[in-house]
Amino acid sequence: MTVIEPAPPTAPAAVPPLAARTGAVGGSPVRDILAVTARPEVINFAGGLPAPELFDREAIAAAFRDVLAETPAQALQYSTTEGEPALRTGLAARMSARGTATDADDLLITTGSQQGLSLLATALLEPGDTVLVEDPCYLAALQAFGLAGARVVAVPCDADGVDPRALEELVARERPKLFYTVPTFQNPTGRTLPAGRRAAVAEVAARLGVWIVEDDPYGELRYDGERVPWIASYPGAEDRTVLLGSFSKVMAPGLRLGWLRAPAALRRACAVAKQAADLHTPTVNQLAAARCLGGLDAHVARVRDVYRERRDAMLAGLPGALPEGSTWNRPEGGMFLWARLPDSYDTTALLPEVVRHDVAYVPGAPFYAGEPDRSTLRLCFVTQTPEEIGEGLRRLGRGLGS
């Protein structure tokens, strides 16, 4: 009888490597900071978190109870990729009332507006395509475009936002697929693009041929001044602007509900991309949110009153907290304030010392697509009470040696 000897053991073969793009795009420094500063004693100005005590818990809970009591089969079932008609109809009415005529069929419901960015990157970008962004820019947008393999180029900005002449020059030279902007209460700077510049951006896009991705998660959180119309409403922008919105800052981020308003062909391409990602946004969340729309304006008005007071508390405390020679803006709304310390300060290097004083901010450097300004930082003013803000700024001053 022939005996077959077992083969000598060998080391298992290595698995194939991760996609190169996953190594080229880092994680979110904001998320990393939040993990480090999760201790309850830390006064955290780093996050972009709405104040949880202001969530309209009773209205949201009642909406879920009613949906599950009255339409349980629908609420717990699969839904269409485009989104529940009741929510899209209500959103279309809100957008039309704000000056941009919108039908329910113009909208795609997304799992947070961040998913909208990911869908647009899938639908519009090939590896190596150029994307223009503001300088500095919303950090998670840089991640989305980077994961798509895009080449990201920053457009020069000033205190009022993007410079339309610089935008025109870059569009002509770089031939980008899209220009991404948060024109109202921008993250991270809190600045708002004036109406004249919005019209100029629309004109550049129309004349030179580029998509505009207009992200508006903060627009309803206005504390001073008059509302500025969406870029999407300006002549020339109608057929080339994607408008992103979210319930995260005005209802609750845990619902993960956003939307995308786009021309038909691009919207259909995004719907196909969404089918490959998650099929559809949770049905029960959409139906509950649709029931909350009737009381949303009153709720947002209450939130605005509280956030205005918190913004003013931070503005009042900054002169004593930041080093002499620092500058900062006074945002008319939103959640963030942007500060610049003297040139000798590196806010990334200083952060560990500041955290030892039980307070935190986000260094400005990660928000830049190009050469960063290392003396900048972002402060979120909505999560803490005025008293906590005052104490946090005193700690910040000690951490910075002010």
Single hit among Val171, Val201, Val213 for side-chain contact (heavy atoms from CB on, under 4.5 Å) with Phe179: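 Result: among Val171, Val201, Val213, Val201 is the only option passing the side-chain contact (heavy atoms from CB on, under 4.5 Å) with Phe179.
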If we check side-chain contact (heavy atoms from CB on, under 4.5 Å) with Thr281, which of these qualifies: Thr111, Thr81, Leu108, Leu255?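 Among Thr111, Thr81, Leu108, Leu255, the one meeting side-chain contact (heavy atoms from CB on, under 4.5 Å) with Thr281 is Thr111.
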Under a 3.5 Å distance rule, please check whether Gln384 uses its side chain to pair with a backbone N or O of Asn44 as donor and acceptor.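 Looks like yes, one N/O pair under 3.5 Å.
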Report the residue from Arg198, Glu332, Arg222, Glu220 that forms a side-chain hydrogen bond (donor to acceptor under 3.5 Å, both in side chains) with Thr184.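 That would be Arg198; it is the only one of Arg198, Glu332, Arg222, Glu220 passing the side-chain hydrogen bond (donor to acceptor under 3.5 Å, both in side chains) with Thr184.
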Given Asn329, Thr376, Asp373, the one that forms side-chain hydrogen bond (donor to acceptor under 3.5 Å, both in side chains) with Arg340: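 With Arg340 as partner, side-chain hydrogen bond (donor to acceptor under 3.5 Å, both in side chains) holds for just one option, Asp373.
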Please confirm whether Phe145 and Tyr180 have ring centers closer than 6.0 angstrom.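 Yes, ring centres under 6.0 Å apart.
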Quick check: closest heavy atoms across [X] and [Y], and the distance to 0.1 Å?
{"X": "Glu82", "Y": "Ala271", "value": "OE2-CB, 4.1 Å"}
{"X": "Ala51", "Y": "Val382", "value": "CB-O, 3.5 Å"}
{"X": "Leu351", "Y": "Tyr361", "value": "N-OH, 3.4 Å"}

Is the Trp338 ring parallel, tilted or perpendicular to the Phe367 ring (thresholds 30°, 60°)?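 Judged by the thresholds at 30° and 60°, the geometry between Trp338 and Phe367 is perpendicular.
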Do NZ/NE/NH1/NH2 and the carboxylate oxygens of Arg261 and Asp103 come within less than 4.0 Å?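 Between Asp103 and Arg261 there is no salt bridge, as every charged N stays at least 4.0 Å from the carboxylate O atoms.
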Above 12 or not: heavy atoms from other molecules or residues under 6.0 Å from CD of Glu41?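 Enclosed: over 12 neighbouring heavy atoms sit under 6.0 Å from CD of Glu41.
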